[in-house]
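Not measured: the values here are computed from a predicted model. Computed from heavy atoms alone, side chains included, the values below leave out hydrogens, waters and symmetry copies.
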Amino acid sequence: PYTTLFRSAILASATAIGLHRARELARRTRAETELREMVSAWLQYHQLYGELPSVVQGQNELPSSRKTLDPLINPESGDNPRGLVLLNPQIPFNAAGFYTDPWGTPYQLSFAQPKLEATAALRTSITFPGRQRRLP
């Protein structure tokens, strides 16, 4: 009877470890997809208007708040004269109004804004803290 119980306990713990790894992989994949979508939306905005929205101008580090992302998701935003939706407006904001990664940490936006010249390129990166991951 003890060997059967012991085998069942080992099988249950192995299954639990496997499920945890699968969930973690799913979270990481979801976060990377969301990051790619956000980077793409910022780059599209910059290509359309030739500059970043006023809420971002002169800022290097910003949290992913509703206010910061408004020009990308709200066609009626004053910073979005063409009224285009560049980022899914149904993104999950937390109660404090921040767009969070699958672990519940707000995404942090980082903008390097060179003086725009014919050869200058916008560099945008977004990180999710504590995960040592940075995109583009």
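The two residues Asp79 and Ser54 have their closest heavy-atom pair at OD2-OG, 2.8 Å. Here the shortest heavy-atom pairing between Pro71 and Ser77 reads CA-OG, 3.7 Å. Scanning all heavy atoms of the two residues, the minimum distance from Pro63 to Leu109 falls at O-CD1, 4.0 Å. Minimum heavy-atom separation, Leu87 to Ile91: CD2-CD1, 4.1 Å. When every heavy atom of Asn88 is checked against every heavy atom of Ile73, the shortest pair comes out as O-CG2, 3.8 Å.
Atom OG of residue Ser64 and atom CG of residue Leu72 lie 11.0 Å apart, to the nearest 0.5 angstrom. In this structure, CZ in Arg28 is found 12.5 Å from OG1 in Thr33, a value given to the nearest 0.5 Å. Interatomic distance, CG of Leu69 versus CG of Leu62, reported as 9.5 Å (0.5 Å rounding). Rounding to the nearest 0.5 Å places CG of Leu86 at 9.5 Å from CH2 of Trp42.
Tyr45 places none of its side-chain heavy atoms less than 4.5 Å from the side chain of Leu84. Side-chain contact between Pro92 and Thr100: absent, with no pair of heavy atoms (C-beta onward) separated by less than 4.5 Å. Put simply, the side chain of Asp70 does not reach to within 4.5 Å of the side chain of Val55, judged on heavy atoms.
With sequence neighbours excluded, the residues that form a ring pair (Phe, Tyr, Trp, His ring centres under 6.0 Å) with Tyr99 are Tyr107. With sequence neighbours excluded, no residue forms a salt bridge (charged side-chain N to carboxylate O under 4.0 Å, His left out) with Arg66. The side-chain hydrogen bond (donor to acceptor under 3.5 Å, both in side chains) search around Arg23 returns none, not counting sequence neighbours.
No continuous path of ILVMFWY side-chain contacts below 4.5 Å connects Phe98 to Met38, so the two sit in separate hydrophobic clusters. Hydrophobic clustering (ILVMFWY, side-chain heavy atoms < 4.5 Å, transitive): Val85 and Leu48 are in distinct clusters.
One finds a salt bridge joining Arg27 and Glu24 here, because a Lys/Arg side-chain nitrogen approaches an Asp/Glu carboxylate oxygen to under 4.0 Å.
Side-chain N or O atoms of Thr29 include one that pairs as donor or acceptor with a backbone N or O of Leu25 at under 3.5 Å.
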